[in-house]
Amino acid sequence: MKKYLAFWLAIMLSVLSFSAFAANTSSSYTIFVDAGSTGSRLHIFQYEKPLFSLPVVTDVSSKNVKPGLSFYADHPEQAGPSLKPLLDDAVQFLQTNKVAPGTVVVHVFGTAGMRLLSQDKQDAIYNNIKTYLEKNYPFFAPVPKKGKTLQTISGQMEGLYGWLDVNYLAGNFQNHQSTVGSIDMGGASTQIAFATNDLKYWKDEIVLNMNGKKYRVFSKSFKGLGQDQALATMSAVPGASACYPLYYEFSPGMFGYFNLPACSGLYKDNVIQNQHVTVSGKQSFIAFSGIYYTYNFFQADKTPDQSMLEERIKNVCSVTWDQLQKNYPKENVKYLSAYCANAAYDDELLYRAYGLQGNQLTVTNKINQKDIDWTLGAALYSLIK
């Protein structure tokens, strides 16, 4: 009798264990909105949480709108409705895939554009979004204001999320390989993050466990050093003409005459002096976002060597504005006029301020055919806490 009971008990435990494992590995969904300085992008992530291994997270849908939430600082009542195209698309995607929207949490994470606003203006925007979601959509209700689903994240956390994303996509956590650092260039801020054992900058470090391994991550964000803000700061100082194409009128009555050394000096003296990070010569980095688009324009992303980048900047930017437009007829005029300045800024920041060598740097917007985006890192972090 005892053997009989023991036999059935073992079977029951096996069934329960299998059921628990299956429940923990079934697919679920979560939504993260990257509320950046120039626009908002909604991502739908499908994820599984195995009991004893790293979560599996996949970006299954994304869509963006412009402008960013910070644009509504003086009209917060328009913040929620501005996300309607994204939310409508998300509902349709979930319903098509037979997922009940009421089981899905929506996270709206503001970044540098929102960090520039006062707390009162931020709260007004998030309160409006919360109310708009609750009245118009069947998503899992967000928590009250200042909660974790509707918030402005710190620059440090934004940098950490980017680092998590880059190394997750590369398979470094899954395969217990050495990690790489990340450099994210946004419009209003830039982030740098890397694993370290150095306690020198302990205030800028975050400790976490990934797949059974402990990491100490240095993560630093520099407000105002995003390429758009850096460009605006540089453009307001004497000599800014050196950063624009010849004869380009960047301000009423002010025309460009591009000169790389002079432009680099303007960025060094008026923008980059606010950062104080020099990295180890042994640490590899992946740079993405704004840096990628600039390098890609100069066809320097495949081999990001400083001398090659500088040579290409000089070759491309030595012509007049009219000729530059003829050389690149498909480029948006706004972006085309800023590429030379942005390239000079990247050159000064990466190679002189951070002290990187060409063999330390990879510039890309994809890893293993997947887009780099810090929101995946945010989703991953929410699952391992």
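Because the structure is predicted, anything quoted here is derived from the model rather than measured.
Q273 contributes a side-chain N or O that, together with a main-chain N or O of V271, makes up a donor-acceptor pair within less than 3.5 Å. In terms of modelled atom types and a separation under 3.5 Å, the side chain of N175 and the main chain of Q177 share no donor-acceptor contact. Side chain of N127 to backbone of D123: a donor-acceptor contact under 3.5 angstrom is found. Listed for the N270 side chain is a donor-acceptor partner under 3.5 Å among the backbone atoms of L266. Checking side-chain atoms of T294 against main-chain N and O of I291 turns up no donor-acceptor pair under 3.5 Å.
A heavy-atom distance below 4.5 Å is not found between the side chains of S318 and F258. With a 4.5 Å cut-off on side-chain heavy atoms, Q191 and Y161 do not count as touching. Between L117 and I125, the closest side-chain pair of non-hydrogen atoms falls below 4.5 Å. With a 4.5 Å cut-off on side-chain heavy atoms, Y132 and K84 count as touching. Taking the side chain as every heavy atom from C-beta outward, L160 and L208 approach each other to under 4.5 Å. Looking only at side-chain heavy atoms (C-beta outward), N315 and F298 stay at 4.5 Å or farther from each other. Side-chain contact between F45 and L376 is present, with at least one heavy-atom pair separated by less than 4.5 Å. D371 places none of its side-chain heavy atoms less than 4.5 Å from the side chain of D59.
For W163 and Y215, the distance between ring centers is under 6.0 angstrom. Between H107 and F32, the distance from one ring center to the other falls under 6.0 angstrom. Outside the 6.0 Å centre-distance limit, the rings of Y168 and F173 are not counted as a close aromatic pair.
To the nearest 0.5 Å, the span separating CD1 on I44 from CG on N97 amounts to 8.5 Å. Here the CG atom belonging to L349 is positioned 5.0 Å from the CD1 atom belonging to I272, to the nearest 0.5 angstrom. Atom CG of residue N259 and atom OG of residue S264 lie 9.0 Å apart, to the nearest 0.5 angstrom. In this structure, the separation between CG on L350 and CD1 on I192 is 8.5 Å, given to the nearest 0.5 Å. Within the model, atoms CG of L94 and OG1 of T103 stand 7.5 Å from one another, a figure rounded to the nearest 0.5 Å. In this structure, CD in E249 is found 12.0 Å from CH2 in W321, a value given to the nearest 0.5 Å.
For the pair N172 and V180, the tightest heavy-atom approach, listed with the atom from each and the gap, is ND2-N, 4.1 Å. The minimum heavy-atom distance linking M185 with D346 is given by the pair CE-OD1, 4.0 Å. Nearest heavy-atom pair across G113 and S70 is O-CB, 3.4 Å. Closest non-hydrogen pair, S61 versus D89, comes out as OG-OD2, 4.1 Å. Heavy atoms only, all atoms of each residue included: D184 and S289 are closest at OD1-OG, 2.8 Å. Taking each heavy atom of T111 and S37 in turn, the nearest pair found is OG1-N, 4.3 Å.
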Start with the C-alpha gap between L225 and Y345, add the side-chain angles, then the distance that decides, and say whether side chain to side chain contact (heavy atoms under 4.5 Å, CB included) holds. CA-CA 10 Å; L225 268 66; Y345 174 47; 3.3 Å; yes
Report the C-alpha distance between M210 and I384 in whole Å, list the side-chain angles of each, state the deciding distance to 0.1 Å, and finish with yes or no for side chain to side chain contact (heavy atoms under 4.5 Å, CB included). CA-CA 8 Å; M210 294 292 296; I384 64 168; 3.1 Å; yes
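Using modelled atom types, one finds a donor on one side chain and an acceptor on the other under 3.5 Å when comparing Q122 with T152.
Atom NZ of K366 has more than 12 neighbouring heavy atoms from other residues, nucleotides or ligands inside a 6.0 Å radius. In this structure, F250 places its CZ atom where more than 12 heavy-atom neighbours from other residues, nucleotides or ligands lie under 6.0 Å away. Enclosure of atom CZ in F71 is not indicated, since only 12 or fewer non-hydrogen atoms of other residues, nucleotides or ligands lie within 6.0 angstrom. Surrounding CD of E77 are more than 12 heavy atoms belonging to other residues, nucleotides or ligands, all under 6.0 Å away.
Under a hydrophobic-cluster definition in which Ile, Leu, Val, Met, Phe, Trp and Tyr are linked whenever side-chain heavy atoms come within less than 4.5 Å, directly or via other members, Y47 and L380 are assigned to the same cluster. Put simply, I183 and Y201 are part of the same group of oily side chains (I, L, V, M, F, W, Y) that touch within less than 4.5 Å, one to the next. By the rule that hydrophobic residues join a cluster once side-chain heavy atoms approach within less than 4.5 Å of another member, V91 and V60 end up as members of one cluster. Tracing side-chain contacts under 4.5 Å through hydrophobic residues (I, L, V, M, F, W, Y), one never reaches L246 starting from Y335; they form parts of separate clusters.
A perpendicular orientation is assigned to the rings of F93 and Y29, their planes being inclined by more than 60° (bins at 30° and 60°).
A salt bridge is defined here as a Lys NZ or Arg NE, NH1 or NH2 lying under 4.0 Å from an Asp or Glu carboxylate O, and E158 with R115 meets this definition. Between E205 and R216, at least one side-chain nitrogen of the basic residue sits less than 4.0 Å from a carboxylate oxygen of the acidic one, meeting the salt-bridge criterion. By the 4.0 Å N-to-carboxylate-O rule, R41 lies too far from D373 to be salt-bridged with it. With respect to K130 and E134, a salt bridge is recorded, a charged nitrogen being found less than 4.0 Å from a carboxylate O.
Contacts of F285 classified as ring-ring contact (aromatic ring centres under 6.0 Å, His included), with partners at least two apart in sequence or in another chain: F194.
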Show me the donor-acceptor pairs within less than 3.5 Å that the side chains of residues 232-244 make with the rest of the protein, sequence neighbours left out.
residue, atom, partner, partner atom, Å
T233, OG1, Q229, O, 3.0
S235, OG, L231, O, 2.7
S235, OG, Y244, OH, 2.6
S241, OG, F255, O, 2.9

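Shown are L69, I129, V65; of these, the side-chain contact (heavy atoms from CB on, under 4.5 Å) with S82 is made only by L69.
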